[in-house]
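Structure first, commentary second.
Start at 1 and go down the list; that is how both ligands and their atoms are numbered.
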Amino acid sequence: MLLPNVLITGTPGVGKTTLGKELASRSGLKYINVGDVAREGALYNGYDPEYDCPILDEEKVVDELENQMAEGGVIVDYHGCDFFPERWFHAVFVLRTDNSVLYKRLETRGYNEKKLRDNIECEIFQVLYEEAMLSYKEDIVQQLSSNTPEELEENINQILKWIEQWVKDHNP
Ligand code: DAT
């Protein structure tokens, strides 16, 4: 059976992991957190002293995921999307969160002032939405508001419906 690959992207803290895992458990698709994959395989090619974090080796990450993506039925979670092959994804969902709500979530994570400011700016300037619109066909990119548990539930149901329709359309 053919199954779609779905990308969940957006600024850190918008709810990608929460949504991605729940979606996987309800749809039966496989959940992949790119940050975890990189950590487990040490897929880095440097260290960014300004942001105090390792730099992702994008080529190695793509190589690592290629086989699973080719199989289909994968939900990918990452706060970036311009280095994945465009052909991988059948739908791209960009989660969006209001600044005040996002600020509180990131503060809870213990982010320092700079990291907080950078991430809030990233959301204000809709960096991930623009990146998604530039990297994929516009008609497969969709923004979803992710401020409340009610919206989380709505988003999960909306994506589940989309998956169901895709499976119907591609498995005659
Ligand atoms: P991300 O994976 O984008 O970094 P997350 O899934 O870890 O984000 O969520 C960050 C925090 O916000 C976490 O405590 C769960 C909470 N959260 C996520 N989506 C939410 C929503 N729609 N409404 C309320 N809280 C949410």
Side-chain angles (χ1 to χ4, degrees), residues 4-41 43-44 48 50-56 58 61-62 64-65 68-69 73-84 88-136 140-163:
N5 292 326
V6 175
L7 175 63
I8 310 291
T9 189
T11 307
V14 293
K16 299 180 295 296
T17 303
T18 309
L19 179 136
K21 286 185 170 164
E22 186 58 28
L23 189 61
S25 110
R26 291 200 216 169
S27 66
L29 300 198
K30 186 173 178 183
Y31 169 79
I32 293 182
N33 185 307
V34 171
D36 290 348
V37 169
R39 206 169 306 119
E40 283 155 19
L43 307 177
Y44 303 121
D48 186 333
E50 191 189 347
Y51 290 94
D52 193 28
C53 66
I55 299 164
L56 205 70
E58 298 174 343
V61 168
V62 168
E64 175 72 27
L65 297 180
Q68 283 170 292
M69 299 308 294
V74 181
I75 296 164
V76 171
D77 163 355
Y78 195 57
H79 58 264
C81 61
D82 59 359
F83 63 93
F84 301 125
W88 274 7
F89 297 106
H90 305 99
V92 176
F93 294 94
V94 185
L95 303 188
R96 302 299 308 273
T97 301
D98 294 343
N99 304 327
S100 54
V101 178
L102 185 62
Y103 191 94
K104 282 193 204 104
R105 288 188 200 161
L106 295 178
E107 213 179 17
T108 310
R109 279 190 182 171
Y111 278 17
N112 64 34
E113 264 308 311
K114 173 167 170 52
K115 215 167 165 184
L116 270 173
R117 207 172 45 235
D118 288 344
N119 280 297
I120 296 295
E121 266 180 23
C122 176
E123 187 60 13
I124 291 174
F125 294 118
Q126 44 186 35
V127 172
L128 267 306
Y129 177 63
E130 308 253 316
E131 187 174 320
M133 290 293 273
L134 288 172
S135 308
Y136 301 90
I140 74 156
V141 178
Q142 219 180 312
Q143 298 197 73
L144 298 173
S145 179
S146 175
N147 294 298
T148 63
E150 290 73 26
E151 285 183 340
L152 171 66
E153 190 60 30
E154 279 170 29
N155 294 340
I156 291 169
N157 286 326
Q158 186 179 331
I159 302 175
L160 280 173
K161 268 198 198 136
W162 179 88
I163 293 170

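Here the protein heavy atom with the shortest distance to atom 7 (O) of ligand 1 is Arg109 NH2, 2.9 Å. Shortest contact from atom 12 (O) of ligand 1 to any protein heavy atom: Arg105 CD, 3.0 Å. Counting protein heavy atoms only, atom 6 (O) of ligand 1 is closest to Thr18 OG1, 2.5 Å.
With a heavy-atom cut-off of 4.0 Å, Asn147 touches ligand 1 through its backbone alone. With a heavy-atom cut-off of 4.0 Å, Pro12 touches ligand 1 through its backbone alone.
With hydrogens and angles ignored, the 3.5 Å screen pairs no side-chain donor or acceptor of Asp82 with any backbone N or O of Ser135. A donor-acceptor pair is defined here as one N or O able to donate and one able to accept, closer than 3.5 Å; such a pair exists between the side chain of Lys16 and the backbone of Gly10.
Listed by atom number, the atoms of ligand 1 under 4.0 Å from Ser146 heavy atoms are 19 (N), 22 (N).
Below 3.5 Å of separation, one finds an N or O of Gly15 facing an N or O of ligand 1. The distance criterion of under 3.5 Å between nitrogen or oxygen atoms is met by Thr148 with respect to ligand 1.
A heavy-atom separation below 4.0 Å is not found between Glu150 and ligand 1. Between Gly13 and ligand 1 there is a heavy-atom distance shorter than 4.0 Å.
For the pair Leu43 and Leu56, the minimum side-chain heavy-atom distance is 4.5 Å or more. Side-chain contact between His90 and Trp162: present, with at least one pair of heavy atoms (C-beta onward) separated by less than 4.5 Å. The shortest side-chain heavy-atom distance between Ile159 and Ile8 falls under the 4.5 Å cut-off.
Shown here are the side-chain contact (heavy atoms from CB on, under 4.5 Å) partners of Lys115, two or more places apart in sequence or in another chain: Tyr111, Asn112, Asn119. Residues passing the side-chain contact (heavy atoms from CB on, under 4.5 Å) test with Ile140, sequence neighbours excluded: Val92, Tyr136.
Closest heavy-atom approach to atom 2 (O) of ligand 1 within the set Thr17, Leu152, Ile8: this belongs to Thr17.
Between the side chains of Asn147 and Ser145, at least one donor N or O sits under 3.5 Å from an acceptor N or O.
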